[in-house]
Amino acid sequence: MAAKRKRAAKPKRNPAGDESTYERIWRVAKRIPRGHVVTYGQLAELAGLPRAPRQAGYAMASLPSGSRVPWQRVVNARGEISPRSDPGGEWVQRVLLEREGIEFDERGRIDLRRFGWRPRIA
DNA sequence: TTTATGGCTGTCA
DNA sequence: ATGACAGCCATAA
């Protein structure tokens with residue numbers, strides 16, 4: 001019998017064709033409807049990484065240029081735009097969101113109760 | 001292989 | 001309410 005493995009062995013996805021963790025996150029992100037936002041933790045959870053909200057963030061940071069993933073619709077748990085490596089990027093994100101009809105309060109925060117995307121738990 | 005990093009989060013003072 | 005700390009996990013060196 002196969003040796004018992006404490007944790008499931010890594011999926012060992014194939015180089016091309018199979019989807020990596022990031023791709024899976026991106027796929028979920030693409031489902032975010034316009035005019036709504038999700039938190040990194042939520043995104044990670046939907047992607048199957050309930051304890052890896054950071055990975056969701058890095059997946060966004062790792063997005064290839066030209067991708068149609070609405071990274072702009074991903075914000076932190078506070079409903080705020082997280083500071084990232086790219087200077088000025090948060091401003092861009094905010095503009096994109098406002099362009100979708102999302103409103104920010106004076107503190108630069110989004111009301112997740114109104115704009116938060118609440119997908120059915122798959 | 002190990003080590004370091006990083007668009008986070010939840011808890012505690 | 002804000003500020004600081006530790007935990008978590010995949011990716012890149």
Side-chain angles (χ1 to χ4, degrees):
Chain A
M1 286 312 297
K4 52 196 183 258
R5 297 171 193 269
K6 286 178 49 185
R7 273 183 97 167
K10 288 191 205 164
K12 197 66 174 184
R13 45 278 188 207
N14 297 338
D18 204 346
E19 59 184 8
S20 65
T21 299
Y22 278 16
E23 287 181 6
R24 187 157 32 182
I25 292 173
W26 297 338
R27 173 165 292 187
V28 174
K30 286 179 186 173
R31 295 171 50 194
I32 305 171
R34 188 172 182 282
H36 291 266
V37 297
V38 296
T39 66
Y40 292 100
Q42 192 178 356
L43 179 59
E45 186 174 14
L46 291 172
L49 301 167
R51 302 296 173 229
R54 295 182 101 167
Q55 273 42 265
Y58 302 140
M60 294 296 102
S62 211
L63 274 172
S65 57
S67 67
R68 294 155 207 177
V69 178
W71 58 272
Q72 62 221 64
R73 294 172 192 155
V74 185
V75 298
N76 64 29
R78 296 173 179 173
E80 214 168 38
I81 295 177
S82 283
R84 63 210 167 299
S85 313
D86 181 23
E90 33 182 309
W91 179 78
V92 174
Q93 181 172 5
R94 174 163 178 161
V95 171
L96 287 171
L97 291 177
E98 291 182 325
R99 203 171 175 182
E100 295 186 357
I102 293 176
E103 301 170 24
F104 292 77
D105 61 16
E106 297 182 15
R107 201 118 176 308
R109 303 195 310 189
I110 301 170
D111 186 349
L112 295 179
R113 295 170 303 181
R114 285 187 58 195
F115 303 103
W117 179 45
R118 294 174 274 190
R120 295 308 177 83
I121 310 301

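Order of the sequence lines sets the chain letters (A, B, ...), proteins ahead of strands, with each chain counted from 1. All values derive from a computational prediction rather than experimental measurement.
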Contacts under 3.5 Å, N or O only, protein and nucleotides 4-7 of chain C:
| unit_1 | atom_1 | unit_2 | atom_2 | d |
| --- | --- | --- | --- | --- |
| C:dG7 | O6 | A:R54 | NH1 | 3.3 |

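- In this view, A:D86 satisfies the salt bridge (charged side-chain N to carboxylate O under 4.0 Å, His left out) rule with no residue, not counting sequence neighbours.
- The side chain of A:A52 lies closest to C:dC9 when the candidates are B:dC8, C:dC9, C:dA10.
- In this structure, A:E45 atom CD and C:dC8 atom C1' are separated by 14 Å, rounded to whole Å.
- In terms of the side-chain contact (heavy atoms from CB on, under 4.5 Å) criterion, A:R118 has no residue partners (sequence neighbours excluded).
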Is there any protein nitrogen or oxygen under 3.5 Å from a nitrogen or oxygen in nucleotides 11-13 of chain B, and what are the pairs?
none

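- Close to C:dA10, at under 4.0 Å from its OP1 or OP2, lies no side-chain N or O of A:T21.
- Between the P atom of B:dG7 and the CH2 atom of A:W26 lies a distance of 14 Å, rounded to the nearest Å.
- Applying the salt bridge (Lys or Arg N to Asp or Glu O under 4.0 Å) test to residues at least two apart or on different chains, the pairs with a partner in residues 51-78 of chain A are A:R73-A:E100.
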Convert the base pairs of DNA chain C into dot-bracket notation, remembering that pairs crossing earlier ones are written with [ ] and that bases paired across to another strand are shown as |; include only Watson-Crick or G-U pairs under 3.5 Å. .||||||.|||||
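- A:A29 meets the side-chain contact (heavy atoms from CB on, under 4.5 Å) test with A:I32, A:L43, A:M60, A:V69; sequence neighbours excluded.
- Side-chain proximity of A:R51 to the nucleotides B:dT9, C:dA10, C:dC8 is greatest for C:dC8.
- The stretch residues 99-109 of chain A does not touch DNA chain B, since none of its heavy atoms comes less than 4.0 Å from the strand.
- For the pair A:Q55 CD and B:dC8 C1', the interatomic distance rounds to 9 Å; values are reported in whole Å.
- Remark: A:L96 pairs with A:W71, A:Q72, A:V92 by the side-chain contact (heavy atoms from CB on, under 4.5 Å) rule, at least two apart or across chains.
- Side chain of A:T39, nearest nucleotide from C:dA10, B:dT9, B:dG7: B:dT9.
- Closest to the side chain of A:S20, from the set B:dC8, C:dT11, C:dC9, is C:dT11.
- Counting to the nearest Å, the P atom of C:dT11 and the CD atom of A:E23 are 10 Å from each other.
- Atom CG of A:L49 is separated from atom P of B:dG7 by 17 Å (rounded to the nearest Å).
- Residue pairs meeting the side-chain hydrogen bond (donor to acceptor under 3.5 Å, both in side chains) criterion with at least one member in residues 34-49 of chain A: none, sequence neighbours excluded.
- Salt bridge annotation for A:E98-A:R94: present, with a cationic side-chain nitrogen under 4.0 angstrom from a carboxylate oxygen.
- Between A:R107 and A:D105, none of the side-chain N atoms (NZ, or NE/NH1/NH2) sits under 4.0 Å from a carboxylate O, so this pair counts as no salt bridge.
- Contacts of residues 59-75 of chain A with DNA chain B (heavy atom under 4.0 Å): A:M60, A:A61, A:W71, A:V74.
- Ring-to-base geometry places A:Y58 in a stacked arrangement with B:dG6 (centre distance under 5.5 Å, plane angle under 30°).
- The side-chain contact (heavy atoms from CB on, under 4.5 Å) test applied to A:P87 returns no partner, not counting sequence neighbours.
- Atom CG of A:L112 is separated from atom C1' of B:dT9 by 14 Å (rounded to the nearest Å).
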